[in-house]
Protein chains: 2
Amino acid sequence: MEELDERKIKILDAIIRTYLETGEPVGSRTISKYTDLNLSSATIRNEMSDLEELGYIVQPHTSAGRIPSDKGYRFYVDHLLLRKDKEISDMKEFVIEHTEKMEQVLKQVAKMLAQTTNYATMITTPKSTGGKVKFVQLSMVDEEQLLAVIVMEGNLVKNKIIPLTQELDNETLLKLNILLNSTLNGLSIPEINLGTISKLKEQAGEYSDIVGIVLDGVAETISREELEIYTSGATNIFKYPELRDTKKASELIYALEEKQQLASLVTESLQNEDTGIQVYIGDESPIQTMKDCSVVTATYELGDGMKGSVGIIGPKRMDYEKVMGHLKDLTSQLDSIFKKPT
Amino acid sequence: MEELDERKIKILDAIIRTYLETGEPVGSRTISKYTDLNLSSATIRNEMSDLEELGYIVQPHTSAGRIPSDKGYRFYVDHLLLRKDKEISDMKEFVIEHTEKMEQVLKQVAKMLAQTTNYATMITTPKSTGGKVKFVQLSMVDEEQLLAVIVMEGNLVKNKIIPLTQELDNETLLKLNILLNSTLNGLSIPEINLGTISKLKEQAGEYSDIVGIVLDGVAETISREELEIYTSGATNIFKYPELRDTKKASELIYALEEKQQLASLVTESLQNEDTGIQVYIGDESPIQTMKDCSVVTATYELGDGMKGSVGIIGPKRMDYEKVMGHLKDLTSQLDSIFKKPT
DNA sequence: ATTAGCACTCCAAAGAAGTGAGTGCTAACA
DNA sequence: TGTTAGCACTCACTTCTTTGGAGTGCTAAT
């Protein structure tokens, strides 16, 4: 054996569902009442014993009920919950329609998601890799400072103030602008390589050193992997006793606050092509401090290969069904929202 | 009586200092050894009894040592600690010199401050009231979208994408830019009133409606009270047992995460003119959930009346001396940094 | 194959007892 | 009169024990 028969599956399902609700280890008696297949607790016990041997469930200590192991959750996620319709998409529309800058939309989304799910959430700005430059402009802000504005596909606007040592008259500025625009427009970040740069410099002729400075600035601005991450609902984790322990909670919240580490979650899931939804259970997560949690991430797209990521962090016994529903909804909405000009 | 004699003051000082270090209620015996004036524990007990009656210290329960009351802390802050030199200003310089956009500087500062003090910190962007427009520019990003860039004093850059229904040729754009710049430059927000706007529209002649749209956009962008607040070190509060309680910690962190409420701290302290440093002890704080904490805020300035605020949130027994030193340092540095062009 | 019954395990909550830091008070002392 | 020593008392904390109950595994009966 290695296979689960129908009955074992039903029992496993029941165990997990019950555990999701209560957060307490679940005993044979409970299940014997819960399921439709009428079985006595003793029978359940036997089956449970099997399930434990197979590694789907675990006993925290000898005489406690069982809780799902990571493998159990995995089975649940993979096989047991693809059969249900999804949740309402409440006020999401509203929020998205009524805010403006991407940054704010994202913050809002994170917050909302945290509120509706009661888990901690995170969301990243779309990664520009593959995003194209749409428009570049330099202007003199005052005598010594140059402002570079770069607009990317998707109306992602970046600014950079560049200090100038050298004089720069209006005519030159105009020329530079034309040059920059005609060269850079339509290019994606990886396409702006050394070749492009040196060619640009060449064309700039006597102003090549200025172009150099400017390009450095521009390059830095564009390529600065500005993977902003917004989080929300960190305090939700206090709602789950199994995470409430000071040390765990502190580490978790720290991770959420620092954001740094969260990036690892994202980059990984951005690679992944298929459904776009990724589930990390316990140790599967690349972040050590989250080994007592589960993380569900999803990807949203901005058309031109710009991808961002939304994630939900909660206890292992999170309501995967609901969470995945929410995420699916959300990403599809984000997709459509960002595609039209804001 | 009502007055504290020299000896009582010394004892009170000793009590508070000891409590600040240990976090434990402090007993008579400890003090009798601590102070230079050699007194037996019994004498101290008598004095403590008096101090308690006067409301400066408090007993958590009948047979515990004493801890300072809010009034005690207040006395300490007001009278007891103005006599000491300040702390080093470690790597602050470094960080500030090496980052660029204001936003990032602020984030860095918050983080650094949290790390060096071991408390939670917050910092706001300078409030633009009084800030002047330095430079305005409109550019066509594509056929239907106009990008407005506004640079404020202090190199605060704001962008707004404005959808256009109407055609707009290059020449007109140029004219508009000149018009906008010559009119708006040097004006502070409150100075851009209806009068200015209608005058502008008039001058724009046949393009008055476009100017209208643009100005609306600009106005909205500028005046949006973008009081961003950055926080850091939320998890530091777990370092203090008296705040580690789940409920308190959760509320506190929530407040820090939500930021919303923090604004009340700031607005208040921005009014205050004198030293610029404000101390809220326990209930004195406008934020209810912080009644078990103390909050110290300071104001930094950008010359033109643009003010921002830095704050430190910690346990009541925070090291006021050090904190205030840090803040003083920091604000004076921020002041000078932001005044020169970045 | 299922179930009832029973002995056994073990956590968790509730008590019990000891410990120690701290107090208040009184009486003695300088 | 201010200071101190001494003593009985309080009360949180820790440790140990007890107890109750939920849960298991096994065996024998259905």
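Quick note on labels: first sequence line is chain A, next is B, and so on, each numbered from 1. All values below come from the heavy atoms of this structure, side chains included, with hydrogens, waters and symmetry mates left out. These numbers come from a predicted model, not from an experiment.
- By the 4.5 Å heavy-atom criterion applied to side chains, L51(B) and K8(B) are counted as neighbours.
- Here dG24(C) presents its P atom at 12 Å from CG of L51(B), a figure rounded to the nearest Å.
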Would you tabulate the pairs of protein nitrogen or oxygen atoms and nucleotide nitrogen or oxygen atoms of nucleotides 2-5 of chain D closer than 3.5 angstrom?
unit_1: dT3(D); atom_1: OP1; unit_2: R7(B); atom_2: NH1; d: 2.7
unit_1: dT3(D); atom_1: OP2; unit_2: R7(B); atom_2: NH1; d: 3.4
unit_1: dT3(D); atom_1: OP2; unit_2: R7(B); atom_2: NH2; d: 3.1
unit_1: dT4(D); atom_1: OP2; unit_2: S40(B); atom_2: N; d: 3.2
unit_1: dT4(D); atom_1: OP2; unit_2: T43(B); atom_2: OG1; d: 2.6

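- Rounded to whole Å, atom P of dG21(D) lies 17 Å from atom CD of E24(A).
- Counting heavy atoms from C-beta outward, L256(A) and I313(A) have side chains that approach closer than 4.5 Å.
- Taking atom CD on Q59(B) and atom C1' on dC11(D), their separation rounds to 11 Å, with Å as the unit.
- Aromatic pair Y240(B)/Y119(B): centroids less than 6.0 angstrom apart.
- The CZ atom of R29(B) sits 12 Å away from the P atom of dG6(D) (whole-angstrom rounding).
- Here the P atom of nucleotide dT2(C) and the CD1 atom of I31(A) are 17 Å apart, to the nearest Å.
- With a 6.0 Å cutoff to the six-membered ring centre and a 45° limit on the axis angle, K71(B) counts as a cation-pi contact of Y56(B).
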Exercise for review: Please assess Y320(A) against S294(A) for the test side-chain hydrogen bond (donor to acceptor under 3.5 Å, both in side chains), listing each intermediate value before the final yes or no.
Suggested key: CA-CA 9 Å; Y320(A) 295 97; S294(A) 280; 2.8 Å; yes

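- Remark: the S28(B) side chain and the R45(B) side chain contain an N/O donor-acceptor pair separated by less than 3.5 Å.
- Side-chain nitrogen and oxygen atoms of S63(A) include none within less than 4.0 Å of the OP1 or OP2 phosphate oxygen of dC8(C).
- Between the CG atom of D50(B) and the P atom of dT23(C) there is a distance of 14 Å, given to the nearest Å.
- Distances shorter than 4.0 Å separate none of the side-chain N or O atoms of R66(B) from OP1 or OP2 on dA21(C).
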Practice item. Under the salt bridge (charged side-chain N to carboxylate O under 4.0 Å, His left out) rule, what do E242(B) and K316(B) come out as? Steps first, then yes or no, please. Key: CA-CA 9 Å; E242(B) 65 268 49; K316(B) 284 192 202 169; over 6 Å; no

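- Put simply, CD1 on I44(B) is 18 Å from P on dG6(D), counting in whole angstrom units.
- At the phosphate of dT23(C), neither OP1 nor OP2 sits under 4.0 Å from any side-chain N or O atom of T62(B).
- If you measure from atom NE2 of H61(A) to atom P of dG21(D), you get 17 Å, rounded to the nearest angstrom.
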